[in-house]
Amino acid sequence: MKLTDPDKDKNWEEEQDGSENLLQKALTTKVLLGVIAVLLILILVLLTVVVSNRRSSQDKTDQDLQQSITDYAKEQQELEEQVLEEKEDKPAAEEPEDDEEEEDEEEEETEEEEEPSSADNEKTAVVVDIEDENDEAYTKEYILKEAYPFFADNNQDAIWDLAHLKRYVKLSKGLEGTGEYYYQGDVDSEGKPHGTGLAIYEKNSYYFGEWSSGKRNGNGTWFRFYINQKNKYNAKGIYMSHSYSGEWADDLPNGQGAEHYDVDISKLAPTQGRILQNVVGPFKNGLYNGDMYANTVDYTGNVQEWDGIAKEGVFTLWRDMSAIGECAVWRYMDDHSVCLDIDKSENKNQGIRELLK
């Protein structure tokens, strides 16, 4: 019978258990490594799929963009071909527009002609002169229609500009010696001016205002422009225009009104003294008639005010100057001892002589 050593058996069992534990741990480690490997493979596969999808999407985007660029290029080419075809269909211009500086100069000249301005920069009438005298603009119908709204608005700058055009001067000159006038406006049953209208007379004269049975009656304004014309009252061309605005009756100034001269003071000499510029007061048949106010201007532009008393064109004298053949007709308002004298023979028909019959 064999005897066993209990301690030896115990050691053997412990060694046996240790070996089994090591084997078990090794197996577990292998399993874990396998799982990790599988997971890594799955991650790699997923990354590959994502990258592939991104590349596919980018390729598609690039293709779409390339297609858009290609389509745009085709559209542009078709558009250019269309423009070229339209240009070929149009007749060739008479003069090539290859000089930008000349075009700019022409545009500036056109602007200056179409919109001239007065000295105070206000817009005035279009005053482009017409060279062709056979042009429609030379007809009385055209001129009356053109001028009417500026007279109606009392646009003094525009009226001045128009009256100095050669077609206006020519139209007025054609009336000299005829006793006739051109008219546009309201008329009565007999075709005579009646109501409001514009008339053009000889010697660059105009009237706009109220009429009655063919005569100037009511309120109106008369103008005369001295265009290359001189007379005994304007021998040196000092006066540029003459006008009256106020009440009318029987074709002449009757009632309250104002007479005005446009004066070129550059033509006044120091020895010439003062000349009349404005006269305001009552008129009778074109003559001064009542308490009158006037102002004068001299070669320096100095303006002075005067008063006088007239009856049907004859002034009351402020002092007796008969000994030297003169008479004092205007009295300086700031100093009544200072008077304006005229020749005694001239103290008659004082008024708007150009309108007197």
Side-chain angles (χ1 to χ4, degrees), residues 124-125 140-163 168 171-172 175-176 178-226 239-262 276-295 308-314 349-357:
T124 63
K140 63 180 184 294
E141 292 82 7
Y142 185 96
I143 288 175
L144 284 164
K145 184 178 180 180
E146 178 183 50
Y148 193 98
F150 297 106
F151 278 88
D153 292 339
N154 195 29
N155 188 332
Q156 301 274 336
D157 291 329
I159 292 170
W160 173 280
D161 290 338
L162 290 173
Y168 279 71
L171 183 68
S172 178
L175 291 167
E176 287 188 10
T178 65
E180 299 177 352
Y181 58 89
Y182 297 128
Y183 175 81
Q184 177 171 313
D186 301 328
V187 296
D188 60 15
S189 59
E190 298 179 1
K192 295 180 180 180
H194 190 86
T196 302
L198 169 66
I200 300 177
Y201 304 89
E202 64 177 334
K203 298 180 180 178
N204 306 307
S205 298
Y206 302 81
Y207 171 83
F208 181 85
E210 297 176 334
W211 298 73
S212 179
S213 300
K215 292 185 177 181
R216 293 168 290 196
N217 277 280
N219 286 292
T221 302
W222 166 86
F223 301 88
R224 179 178 175 183
F225 299 94
Y226 300 117
Y239 294 117
M240 297 182 291
S241 69
H242 188 191
S243 64
Y244 167 83
S245 181
E247 297 176 334
W248 294 71
D250 196 24
D251 233 18
L252 287 171
N254 275 283
Q256 289 292 324
E259 180 184 21
H260 172 72
Y261 287 97
D262 278 317
L276 283 175
Q277 187 175 37
N278 293 286
V279 178
V280 180
F283 289 76
K284 182 177 181 180
N285 296 326
L287 300 170
Y288 304 148
N289 190 62
D291 293 334
M292 310 298 297
Y293 160 87
N295 66 30
I309 300 174
K311 183 177 181 180
E312 296 185 20
V314 178
N349 297 326
Q350 290 288 319
I352 308 177
R353 294 187 177 91
E354 292 168 310
L355 286 172
L356 300 178
K357 296 178 181 179

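By convention here, the first residue in the shown sequence is residue 1.
Side chain of W248 to main chain of R216: no donor-acceptor pair is present (N/O by atom type, distance under 3.5 Å, no hydrogens or angles). Judged by distance alone, with hydrogens and angles left aside, the side-chain atoms of H260 form no donor-acceptor pair with the main-chain N or O of N278 at under 3.5 Å. Checked by atom type and distance alone, the side chain of S205 pairs as donor or acceptor with a backbone atom of K203 at under 3.5 Å. Under a 3.5 Å cut-off, the side chain of Y183 and the backbone N or O of D186 do form a donor-acceptor pair. Under a 3.5 Å cut-off, the side chain of E247 and the backbone N or O of G218 do not form any donor-acceptor pair. Not one N or O on the side chain of D262 forms a donor-acceptor pair closer than 3.5 Å with the backbone of S241. Under a 3.5 Å cut-off, the side chain of N289 and the backbone N or O of E312 do form a donor-acceptor pair. Judged by distance alone, the side chain of D188 and the main-chain N or O of E190 form a donor-acceptor pair under 3.5 Å. The closest donor-acceptor contact from the side chain of S212 to the backbone of N217 lies at 3.5 Å or more, if one exists at all.
Of all the heavy atoms in G286 and L252, the pair that sits closest is N-CB, 4.2 Å. In this structure, Q256 and P282 approach most closely via the heavy-atom pair NE2-CB, 3.6 Å. Across every non-hydrogen atom of K215 and D250, the tightest pair is NZ-OD1, 2.9 Å. Considering all non-hydrogen atoms of both residues, L356 and N349 come closest at CD1-O, 4.3 Å. Here the closest heavy-atom approach between residue L287 and residue G313 is recorded as CB-N, 3.7 Å. Heavy atoms only, all atoms of each residue included: F151 and I159 are closest at CZ-CG2, 3.6 Å.
Ring-plane geometry between Y261 and H242 is classed as parallel, the angle between the planes falling under 30 degrees on a 0 to 90 degree scale with a further cut at 60.
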Can Y182 and L144 be said to form a side-chain contact (heavy atoms from CB on, under 4.5 Å), step by step? CA-CA 8 Å; Y182 297 128; L144 284 164; 4.0 Å; yes
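Side-chain contact of Y201 with E180: a donor-acceptor pair under 3.5 Å is absent, judged by distance alone.
Two rings, from F223 and Y244, have their centers 6.0 Å or more apart. Aromatic rings from W222 and Y206 are positioned such that their centres are separated by 6.0 Å or more. In summary, the aromatic rings of Y181 and W211 are positioned with their centroids under 6.0 Å apart.
With respect to R224 and E354, a salt bridge is recorded, a charged nitrogen being found less than 4.0 Å from a carboxylate O.
For the pair K284/N254, a side-chain contact is recorded, criterion being any heavy-atom separation below 4.5 Å from C-beta on.
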